[in-house]
Amino acid sequence: MSAADDSGASRDELRRAADTMRAVRERCVWSQRITHEDLVPYLVEESAELIDAVEVGSRADLREELGDLLWQVLFHAAVAAEDPDDPFTIDDVAAGLADKMVRRHPHVFGDAVATTPDEVLVHWNAAKAAEKHSRRSVLDGVSPHMPSLALAQKLLGKAAQVGVTRPAAALPLPVPAAPAPPLTARHHGGAETPDVDPRLGAETASRGEAEDELGDALLALVAAARERGWDAERALRGAIRRLEGDVRAAEAPAPPGDLEQ
């Protein structure tokens, strides 16, 4: 199959996916009632599963999760097409995306020149600034719904654009003189609340003050990661997965014949 034939086949499959979504929206009594707001939890879940597929999954996992995320895009577009005041379709979404990417890549689709990644970013940022001319702050457009560490890293970069910085923590962070006791969970009226090591702050500090200190330390750690070009969110997810692996290993029954004598 030639490149042209393959492109046409890809368009046909994308159209089939869009047509499938439209049929589901029209004929499925559950899908008919779904709103944009109803879909948000599914979008978050599918995005997380795609991240897992990228980081630890197989190629088959990645292909499947990309499809699941595409379904969410198609679903939102199908809902949007029925809006009585401002409808738009998946074709409108695709057209807007293609137009935007052409504008932001003048070195690909125009006469501009970019021979380094930094020069590409110059063109990208210039085109984006022209598109978002109504924004008055570097923080405009940054979603507060991003994961906390990812948001911190994003905001550190935005803040640097206007000369606002945070000191980066030395790595590794210093450890307490004595080992901290393990965090446990106490039950209060059936709810679990984590213990807080009082050494996080002064002995008389309130829990809120201690958490403020912890927040400042985490922000400094993110600043250190940013200076080194590391992805703090990915690092944390990796550490969580390693912890999960250790817990599962500890919970696994000992293999037969491995009992202590």
Side-chain angles (χ1 to χ4, degrees), residues 1-106 108-110 120-121 123-125 127-128 130-132 134-135 140-151 153-154 231 233-234 237 241:
M1 179 180 293
S2 69
D5 292 338
D6 184 58
S7 176
S10 298
R11 284 196 295 270
D12 288 344
E13 290 304 317
L14 285 171
R15 174 52 56 194
R16 186 163 76 96
D19 291 343
T20 300
M21 177 69 253
R22 185 166 58 252
V24 168
R25 177 69 173 176
E26 292 173 352
R27 304 172 195 171
C28 173
V29 293
W30 182 86
S31 299
Q32 290 170 354
R33 303 179 182 183
I34 294 298
T35 66
H36 290 297
E37 291 76 16
D38 294 331
L39 285 172
V40 168
Y42 301 101
L43 179 60
V44 172
E45 179 180 349
E46 296 299 349
S47 298
E49 291 178 1
L50 175 57
I51 291 171
D52 287 340
V54 169
E55 294 184 348
V56 297
S58 65
R59 298 291 292 176
D61 293 333
L62 178 59
R63 181 174 58 196
E64 179 180 358
E65 297 304 336
L66 283 169
D68 289 345
L69 191 59
L70 174 61
W71 185 255
Q72 292 300 307
V73 175
L74 294 172
F75 210 148
H76 276 284
V79 174
E82 299 173 355
D83 187 275
D85 300 319
D86 187 18
F88 59 82
T89 68
I90 190 63
D91 290 326
D92 297 320
V93 173
L97 172 64
D99 290 344
K100 179 169 67 175
M101 290 303 111
V102 169
R103 288 194 305 271
R104 294 191 184 183
H105 293 81
V108 175
F109 301 101
V120 171
L121 288 179
H123 292 309
W124 177 280
N125 290 331
K128 185 174 181 179
E131 296 165 6
K132 312 293 183 180
S134 62
R135 292 181 177 176
D140 289 348
V142 178
S143 172
H145 299 296
M146 294 172 62
S148 297
L149 283 177
L151 178 60
Q153 192 158 346
K154 180 78 170 180
D231 186 326
E233 185 76 8
R234 184 170 62 228
R237 289 197 304 269
R241 279 196 291 268

Roughly how far apart are [X] [atom1] and [Y] [atom2], rounded to 0.5 Å?
X: Arg22; Y: Arg27; atom1: CZ; atom2: CZ; result: 9.5 Å
X: Asp19; Y: Asp12; atom1: CG; atom2: CG; result: 10.0 Å
X: Glu26; Y: Ser31; atom1: CD; atom2: OG; result: 11.0 Å

Suppose we screen for salt bridge (Lys or Arg N to Asp or Glu O under 4.0 Å). Which residues come up paired with Glu82, at least two apart in sequence or across chains? Arg25
List in chain and number order the residues that pass salt bridge (Lys or Arg N to Asp or Glu O under 4.0 Å) with Arg59, two or more places apart in sequence or in another chain; answer none if no residue qualifies. none
State which residues pass side-chain hydrogen bond (donor to acceptor under 3.5 Å, both in side chains) with Glu55; sequence neighbours excluded, sorted by chain then number. Arg237, Arg241
Quick test of your reading: applying side chain to side chain donor-acceptor pair (under 3.5 Å), list the pairs with at least one residue in residues 39-53, sequence neighbours left out, ordered by first then second residue. none
Write out all pairs satisfying side chain to side chain donor-acceptor pair (under 3.5 Å) with one or both partners inside residues 93-106, taking only residues at least two apart or from two chains. Arg103-Glu131, Arg104-Glu131
Could you list the donor-acceptor pairs under 3.5 angstrom formed by side chains in residues 61-72, with sequence neighbours left out?
{"unit_1": "Asp61", "atom_1": "OD2", "unit_2": "Ser58", "atom_2": "N", "d": "3.0"}
{"unit_1": "Asp61", "atom_1": "OD2", "unit_2": "Ser58", "atom_2": "OG", "d": "3.1"}

Is there any salt bridge (charged side-chain N to carboxylate O under 4.0 Å, His left out) pair reaching into residues 31-44, and which pairs are they, with sequence neighbours excluded? none
Name each donor-acceptor pair under 3.5 Å that joins a side chain in residues 85-96 to protein atoms two or more places apart or in another chain, with its distance.
{"unit_1": "Thr89", "atom_1": "OG1", "unit_2": "Asp91", "atom_2": "N", "d": "3.2"}
{"unit_1": "Thr89", "atom_1": "OG1", "unit_2": "Asp92", "atom_2": "N", "d": "3.3"}
{"unit_1": "Thr89", "atom_1": "OG1", "unit_2": "Asp92", "atom_2": "OD2", "d": "3.3"}
{"unit_1": "Asp91", "atom_1": "OD1", "unit_2": "Arg15", "atom_2": "NH2", "d": "2.5"}
{"unit_1": "Asp91", "atom_1": "OD2", "unit_2": "Arg15", "atom_2": "NH2", "d": "3.2"}
{"unit_1": "Asp92", "atom_1": "OD2", "unit_2": "Thr89", "atom_2": "N", "d": "2.8"}

Listed by chain and number, what are the ring-ring contact (aromatic ring centres under 6.0 Å, His included) partners of His36, not counting sequence neighbours? His76
